[in-house]
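Read the structure below first, then the notes.
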Amino acid sequence: MFNKKIYWLPLVLRLVVYFIAISAPFFSSSIVVRYDIPGFAFWFIFIPIQIIITYNFAKGLFPEASSPRWVKFGKRISVSRNLFFPALIFALPLLFCIFPGFGALLPRAYIFTLIIFIFNILIFRVGVVALVFIEPVFIYFIFYKLLEFSRASESAWQDSSYILPVFYVLLIILYLFLSIILYGSSGNKKLSDFKKEIIIFFAIITPLLIIAAIFIPADHIVNDFIFNFRDEQVFPDGMGREDGYNGEDSQQGSLSGIPADRWGRRSRSSGPGEDRQYAVMIVSTTEPELYLAWEYFGGFHPVRGFTFLYNEFTGGEIDERNLNILKRQRLLETWRNPYFIPDEGRAEARGFFLSALHERVVAYLPVIVEPTIFSPQRYPFAYSYNAVSMISPLTLELLERIELNEFSERDIVKMARYLELPLSDRHKRVLDDFLRSAGATIPPESARGYTLDPEIFRKNIIAVMQGFSEYQYELGYDDDTSVEKIIRFLLKEFPGDCTEFSNAAAMLARRAGIPSRVVTGYLASRLLQTRQHIQALATLQGSLDIIANIPLRELMLVTTAHRHSWVQFYIPGMGWVDFESTEFAIPPTMGDMNSARIVIPIIRQQNDGAWNFVFPWRIILSILVVVVILVTTFLYLYKFFLMLFLSVRSLKPVPVSFESRYKYILHRFFLLGYPLKTKTMTPVEYGEINKETFLFTELFTELLYRNVYSSNEYDLVTKKFDEEYFRLKKLTKPKGFLQHIKNVFSLRGVFY
């Protein structure tokens, strides 16, 4: 027969161990990726709530009615419980959809819910005791999955070697104890029946585990799993040279180096007039060039120009907001584009990125992005990740030869935002003059872009791009893309860099009925790889083991000179396509920034696996402190909710609440320092020890066991019990401020 008493110790211990497992990343010294909002909600809120609810349901929150007088009422309680709790358990995933992005986790949430529900039912209702030893395996699987994404080098494993064995040992000990507790609470056998077995077991296993933690070498598992921690702080762009720059790289020649520990923010230096280009990332790919997107600008402001676009209609396609978030999104698992549908018009482009930037840059259209791995030994190239994109091979030459589709109804709705151009009449006239001189057809305001014949659509794209043939291109990158500045550029008041060309092209395209947006990022191109870039890559290969075996022909060095801005046009049937808006411009007359002196970090990577073990006392103490805090917090919460639960149930009439009132009064007396009622005591025996409760315990015993009453005798008994309850409740009310404080911080009620 199933033991219906609620065992809170297994629940508290299960939750403590669970939180230790999923919190392990925050204690590692080499963490780079944190939980995103959906992941945090799933692991830290949803799963614990499901564990608590299903455990309590399986153990039986409501007792069966023992008195024949209340059998009917007891059945109603049982039916209510059996319907309400399963409904709540399986409706909870839908309630958690308030967290942005949690909807994508719904299938996983329901799978975990079903597993937790069946597991608790089989153990605590059916009595399949053997299953209690499966739970450690299940939680270890979760721990394994959380670590799986971040395989690192041997040196990275050594950085985590002092903490991970401690976590493994702690989890093993706690789970062995938890298995015993679960075994004892799953059937009739009590924990007190095998105390000697528990003591003997831990007297043997604990020393063995401690010895294993101390003497197993940290490098016994090369390329094991670790967590990495990402610093998500973003420095302002255009920082230029660091303050206090003292010319460490002023040596003769076109390639120089700076010690890695002095690198600082140089990878973000991109100001005009720089006579040096600083290494930003190393890209391994077989593609001839990749437009690596940093930010997408699809909105438009009448003064500031192109801005971020939010709340757009996705129409089954990854939206601009998600693309911008992907740059710094915290990934625990490989990110996959949920809207991607294989398209023969795009080609797969794979890339490995070894970067000095905290953010990711990937080519459009990203379909797979692996979590970022952080390895401080490779600083400043400390961030690495893999990405797969489906890029469009479309060029202006191909555009002139292929057949274009017309806009579908879906395209019309989806692209409406990318045709908005709220400009003054003066600004519109400047754009119209440019388009007419380039031979473009300007569609009517009322039907811009949707009545265009595909041939006119094609002609307008080519006209916009070729219209820059008389404009001077100068090297550089400027963040000022205001409408007034772009208009002045179109009026040829000054030459433009890539930002002027891309923003002007996007404005002109929208005026010509072509959906467009501006993209900023980096251009990784074989054509930009000079002899000095190849030499820099060869030098870096000697100090970076992660790229040592990659052929030089597959590597590209991206520097601050490759910071770039370009335009994307939406082509019906092909999606967004990158276009180089400086292609037809007059080449720069000044020096080529790409030929400026290249500055790379001097990296002295430590590959020696030798190490001197120092027992991590501080880490162990920190873990113990955290465990104590977690356990204490759970105990206080348990005490609070237990007293609240009994208090609320005591509000019901005596016939259905006398057991709750009895327990509530005993708890209140125990909190005040009165003797503990042991399990072997009868209520009357306890009343003889605590004289204040003698009459109360007698009445309780009568209500509990007496079945036959004459006339109104039952009403008299319940009335006396009710009066005695309120008398004792008043008697046990804390007297004075100190007594209140003592009751709040006392944990006596937990051990009742």
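Contact check for Phe352 versus Ser384: side-chain heavy atoms found under the 4.5 Å cut-off. Counting heavy atoms from C-beta on, the side chains of Met556 and Ile282 never come closer than 4.5 Å. Taking the side chain as every heavy atom from C-beta outward, Pro454 and Asn405 never approach each other to under 4.5 Å. In this structure the side chain of Asp578 never reaches within 4.5 angstrom of the side chain of Ile391, judged on heavy atoms. At a threshold of 4.5 Å between non-hydrogen side-chain atoms, the residues Phe374 and Thr372 do not count as touching. Under the 4.5 Å side-chain criterion, counting only non-hydrogen atoms from C-beta, Glu409 is not in contact with Val413. Residues Asp432 and Arg511 have side chains in contact (heavy-atom distance under 4.5 Å, counting atoms from C-beta outward). Counting heavy atoms from C-beta outward, Leu523 and Leu292 have side chains that stay 4.5 Å or more apart.
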Expected list for residues 491-499: side-chain donor-acceptor pairs under 3.5 angstrom, two or more places apart:
{"unit_1": "Lys492", "atom_1": "NZ", "unit_2": "Glu470", "atom_2": "OE1", "d": "3.2"}
{"unit_1": "Glu493", "atom_1": "OE1", "unit_2": "Arg488", "atom_2": "NE", "d": "3.0"}
{"unit_1": "Asp497", "atom_1": "OD1", "unit_2": "Thr499", "atom_2": "N", "d": "3.0"}
{"unit_1": "Asp497", "atom_1": "OD1", "unit_2": "Thr499", "atom_2": "OG1", "d": "2.4"}
{"unit_1": "Asp497", "atom_1": "OD1", "unit_2": "Glu500", "atom_2": "N", "d": "3.4"}
{"unit_1": "Asp497", "atom_1": "OD2", "unit_2": "Asp478", "atom_2": "N", "d": "3.2"}
{"unit_1": "Thr499", "atom_1": "OG1", "unit_2": "Asp478", "atom_2": "O", "d": "3.2"}

Next on the checklist: If you apply the rule side chain to side chain donor-acceptor pair (under 3.5 Å), what do you find for Ser408 with Glu406, and how did you get there?
Outcome noted: CA-CA 6 Å; Ser408 64; Glu406 294 185 355; over 6 Å; no
Checklist entry - Step by step, would you call Tyr471 with Leu490 a side-chain contact (heavy atoms from CB on, under 4.5 Å)? => result CA-CA 8 Å; Tyr471 283 76; Leu490 289 175; 4.3 Å; yes
Checklist entry - Yes or no on side-chain contact (heavy atoms from CB on, under 4.5 Å) for Tyr296 and Leu309, after CA distance, side-chain angles and deciding distance? => result CA-CA 8 Å; Tyr296 295 80; Leu309 178 63; over 6 Å; no
Next on the checklist: Between Ile571 and Leu404, does the side-chain contact (heavy atoms from CB on, under 4.5 Å) criterion hold? Intermediate values first, please.
Outcome noted: CA-CA 8 Å; Ile571 312 296; Leu404 295 181; 3.8 Å; yes
Checklist entry - Could you walk me through whether Ile514 and Leu508 pass the side-chain contact (heavy atoms from CB on, under 4.5 Å) check? => result CA-CA 9 Å; Ile514 305 164; Leu508 290 164; over 6 Å; no
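At distances below 3.5 Å, at least one donor-acceptor pair connects side-chain atoms of Ser389 with backbone N or O atoms of Ala363. Between the side chain of Arg346 and the main chain of Met574, a donor-acceptor pair closer than 3.5 Å is present. Using a distance-only test at 3.5 Å, with no hydrogens or angles considered, a donor-acceptor pair links the side chain of Asn460 to the main chain of Ala512. Counting only distance, with no hydrogens or angles, the side chain of Gln541 and the backbone of Asn549 share no donor-acceptor pair below 3.5 Å. Side chain of Arg336 to main chain of Val369: no donor-acceptor pair is present (N/O by atom type, distance under 3.5 Å, no hydrogens or angles). Listed for the Ser525 side chain is a donor-acceptor partner under 3.5 Å among the backbone atoms of Leu527. Checking side-chain atoms of Thr559 against main-chain N and O of Gln277 turns up no donor-acceptor pair under 3.5 Å.
The side-chain contact (heavy atoms from CB on, under 4.5 Å) search around Ala506 returns Phe306, Ser516, Val518, Val567, not counting sequence neighbours.
A donor atom on one side chain and an acceptor atom on the other are not found under 3.5 Å apart for Ser581 and Glu583. Asp319 and Tyr339 are not linked by any side-chain donor-acceptor pair at a separation below 3.5 angstrom, with hydrogens and angles left out of the test. If you check the side chains of Glu397 and Thr395, you find a donor sitting under 3.5 Å from an acceptor.
Between Phe457 and Phe569, the gap from one ring centroid to the other reaches at least 6.0 Å. Ring centroid separation for the pair Tyr291 and Trp566 comes in under the 6.0 Å cut-off. In this structure, Phe300 has its ring center no closer than 6.0 Å to that of Tyr418. Taking the six-membered ring where the residue is Trp, the centroids of His564 and Tyr522 are separated by 6.0 Å or more.
In this structure, Thr481 and Ile486 approach most closely via the heavy-atom pair O-CG1, 4.0 Å. In plain terms, the two heavy atoms of Trp263 and Ile600 that are nearest each other are CZ3-C, 3.5 Å. Across Pro601 and Leu540, no two heavy atoms sit closer than the pair O-CD2, 3.8 Å. Of all heavy-atom pairs between Leu399 and Leu394, the closest is N-CD1, 3.8 Å. Nearest heavy-atom pair, Ala538 versus Leu552, reported as atom, atom and distance to 0.1 Å: N-CD2, 4.0 Å. In terms of heavy atoms, Leu398 sits closest to Pro393 at CD1-O, 3.3 Å.
Distance CD/Glu400 to CD1/Ile462: 4.0 Å, rounded to 0.5 Å. Atom CH2 in Trp335 sits 11.5 Å away from atom CD1 in Ile325 (nearest 0.5 Å). With rounding to the nearest 0.5 angstrom, the CD atom of Gln535 is 13.0 Å from the CD atom of Gln529. In this structure, CE on Met415 lies 10.0 Å from CZ on Arg510, to the nearest 0.5 angstrom. In this structure, NE2 on His562 lies 4.0 Å from NE2 on His533, to the nearest 0.5 angstrom. The CG atom of Leu255 lies 9.5 Å from the CZ atom of Arg531; values are rounded to the nearest 0.5 Å.
For the pair Lys327 and Glu295, the salt-bridge criterion is met [side-chain N within less than 4.0 Å of a carboxylate O]. Salt-bridge check for Arg304 with Glu484: failed, with every basic side-chain N at 4.0 Å or more from each acidic carboxylate O. Using a 4.0 Å cut-off between a side-chain N of Lys or Arg and a carboxylate O of Asp or Glu, Glu320 and Arg517 qualify as a salt bridge.
Exactly one residue among His358, Arg360, Arg378 makes a side-chain hydrogen bond (donor to acceptor under 3.5 Å, both in side chains) with Tyr383. That residue is His358.
Note: Tyr385 and Phe353 have parallel aromatic rings, judged against thresholds of 30 and 60 degrees for the angle between ring planes. Ring geometry for Phe468 against Phe501 counts as perpendicular: the plane angle is over 60°, on a 0 to 90° scale with 30° as the lower cut.
Applying the 6.0 Å contact sphere to CD of Glu403 captures no more than 12 heavy atoms from other residues, nucleotides or ligands. Other residues, nucleotides and ligands contribute at most 12 non-hydrogen atoms within 6.0 Å of the CZ atom of Arg350.
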